[in-house]
Every structure is written in structure tokens, then in C-alpha cells.
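Before any comments, here is the structure.
Each ligand, and each atom within it, is numbered from 1 in the order the structure gives.
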Amino acid sequence: MDALGPEGVFEERGRLYTLSVCPRKRVYGERLISSGGQEYREWDPRRSKLSAYLTVGGRDVPFERDSVILYLGASSGTTASHVADIARDGKVVCVEFAPRMFRELVKNCEGRPQMMPVLGDATKPEEYSMFAEGVDIVYQDVAQKRQADIICDNMDHYGAEWGMVAVKARSEDVTERPERIFEEAAARIKTRGYRIVDSRELGPYEKDHAMIVFKRP
Ligand SMILES: C[S@@+](CC[C@H](N)C(=O)[O-])C[C@H]1O[C@@H](n2cnc3c(N)ncnc32)[C@H](O)[C@@H]1O
């Protein structure tokens with residue numbers, strides 16, 4: 001098992017892994033492998049946009065072992081569980097607004113004390129202030145309109161240093177070229193006062209999606 005570069009991400013024979021904080025527990029049927037007396041979970045780029053970003057060559061992942069991460073659009077916790085493996089001494093506040101997904105999320109947070117499930121709406125950052133103190137990084141994957149503004153509103157509200165947003169072009173405008181939507185999202189983030197660090201498309205793993213990484217200037 002080799003370190004890929006970004007904190008807590010490993011690679012073996014072209015597949016990505018995180019070191020499990022909760023051995024023997026699968027979150028989404030992922031493969032578990034033992035190496036050097038420790039258990040690693042395979043991180044599938046077809047099931048996670050963050051894994052897709054790493055797989056297509058993205059390396060600007062700001063998570064540290066002790067980061068506090070506000071994760072918007074956690075769904076059942078597939079990607080958030082890998083983020084919790086990385087930020088094993090930190091905290092991942094997982095916001096999800098669909099009750100059915102939230103119930104799955106609560107189950108998947110069991111055994112992972114770093115993950116805190118919050119039923120809330122990402123467009124209303126003040127709703128979950130009591131759970132999200134000292135946020136370092138906002139990660140967002142909400143697949144709805146105004147994706148750039150929603151993450152910037154949260155960055156502003158929590159004073160976070162870093163932002164990472166998975167932009168789904170079809171959620172903004174199905175008639176526009178995806179490249180144009182990604183450019184518009186990056187331009188909007190700059191207008192809101194942040195500096196773009198990386199922007200790359202996630203195909204072939206996630207069609208018509210891009211990851212934009214940005215930070216305070
Ligand atoms: C593409 S899925 C997220 C997948 C997840 N990030 C992963 O990789 O495992 C998008 C999720 O965002 C949620 N969502 C959409 N708009 C939201 C909002 N305003 N607040 C909170 N969650 C939202 C949806 O219910 C859905 O579960």
C-alpha cells in the first residue's frame with residue numbers, strides 16, 4: 001500500500017483506499033483489504049466524486065488528520081465515510097435534507113464518532129451552526145441549482161479556509177454546455193472573493209461533473 005500524496009489516501013495497483021477507522025464495517029459494499037496489520041477500504045471512483053477527482057489526477061485535497069469538515073449533501077454517507085477515515089482525529093459534520101437518506105446516514109455514522117449526521121438544508125447555513133464550530137473546509141455535493149453560491153454562503157458563514165464543490169452541470173441548466181457551467185461556477189466563486197486552486201472535470205467516472213477547489217486569498 002503506497003501513499004498517494006494527499007493525507008490519508010492510499011493506492012495499490014491503480015485502486016484507491018482509505019485506512020478504515022471502523023474495521024470490518026462496510027458502508028456501501030466496498031472491498032476491505034488487510035495490509036501491514038491494518039484494514040483499508042477501497043474507494044470507488046464510480047461511487048464517489050472525491051475518489052473520481054483523485055483518480056483523474058486531482059491532488060488538491062486540503063483534508064488533514066485533525067480537520068473539521070462541513071460536508072453538505074452527505075446522502076447516505078458513502079464519500080463522507082472515507083472523509084472521516086482521513087480526518088480521523090477531526091470531525092465531519094454531515095448535512096443532508098432528505099429524511100430517507102438521513103436515516104441511512106445515521107446508520108452509517110455508527111462506529112465512526114468523527115461523523116456527525118445533521119438533518120438540515122445547505123441553503124440555510126445558520127440552521128446547523130450549533131453543530132459546526134471551527135470549520136476548516138466546506139465540501140459540497142448537493143446536485144441542485146446555485147451550487148457556487150450555496151458553498152460560498154457556507155464558507156462566509158463559517159469562516160472556512162478551503163472549499164471543494166462537486167458541480168453537476170445538469171442541475172444548473174440542462175440546455176447549456178457543461179464546460180460553460182463550470183466556467184460560470186468558477187467565475188462566481190472568484191466574484192465572491194475566493195481564489196481557485198484547481199478545477200477539473202470528473203469524466204469518465206462522473207459525466208458532466210467538475211470538482212472546483214478554492215480557498216481564501
Ligand atoms: C449526489 S447526492 C450526494 C452523494 C454523496 N455526497 C456521496 O458522495 O456519497 C446529493 C445529495 O444532496 C442532498 N441535497 C440536495 N440539496 C440539499 C440541500 N439544500 N441541503 C442538504 N442536502 C441536500 C440530496 O438529498 C442528496 O442526498
Closest to atom 12 (O) of ligand 1 among Ser75, Gly73, Ala143, Ala166 (heavy-atom distance): Gly73
Per the ring-ring contact (aromatic ring centres under 6.0 Å, His included) rule, what does the pair list look like for residues 58-78, sequence neighbours excluded? Tyr71-Tyr139
Atoms in ligand 1 with a heavy atom of Asp121 nearer than 4.0 Å: 18 (C), 19 (N), 20 (N)
For ligand 1 and Ala80, I'd like to know whether there is a polar contact (N/O to N/O, distance under 3.5 Å). no
Taking Lys168 first and then Asp141, would you say they form a salt bridge - that is, a charged N and a carboxylate O separated by under 4.0 Å? no
Salt bridge check, Arg188 against Glu184: does any charged N sit closer than 4.0 Å to a carboxylate O? no
Per-atom contacts of ligand 1 with Ala98, taking only distances under 4.0 Å to non-hydrogen atoms: 25 (O)
Compute the centroid of each ring, for His82 and then for Tyr28, and state whether the two points are separated by less than 6.0 Å. yes
Polar-atom distance check: Val95 versus ligand 1, any N or O pair below 3.5 Å? no
Would you check whether Arg47 has a nitrogen or oxygen atom less than 3.5 angstrom from a nitrogen or oxygen atom of ligand 1? no
Taking 4.0 angstrom as the limit, do Asp149 and Arg192 come out as a salt bridge? yes
Taking N or O atoms only and a 3.5 Å limit, does Ser48 qualify as a polar contact for ligand 1? no
Would you tell me which option among Glu96, Lys49, Glu104 has the nearest heavy-atom contact to atom 27 (O) of ligand 1? Glu96
Check Lys168 against ligand 1 and report side chain, backbone, both or neither, counting heavy atoms closer than 4.0 Å. neither
Numbered atoms and elements of ligand 1 in range of Gly120, under 4.0 angstrom, heavy atoms: 20 (N), 21 (C)
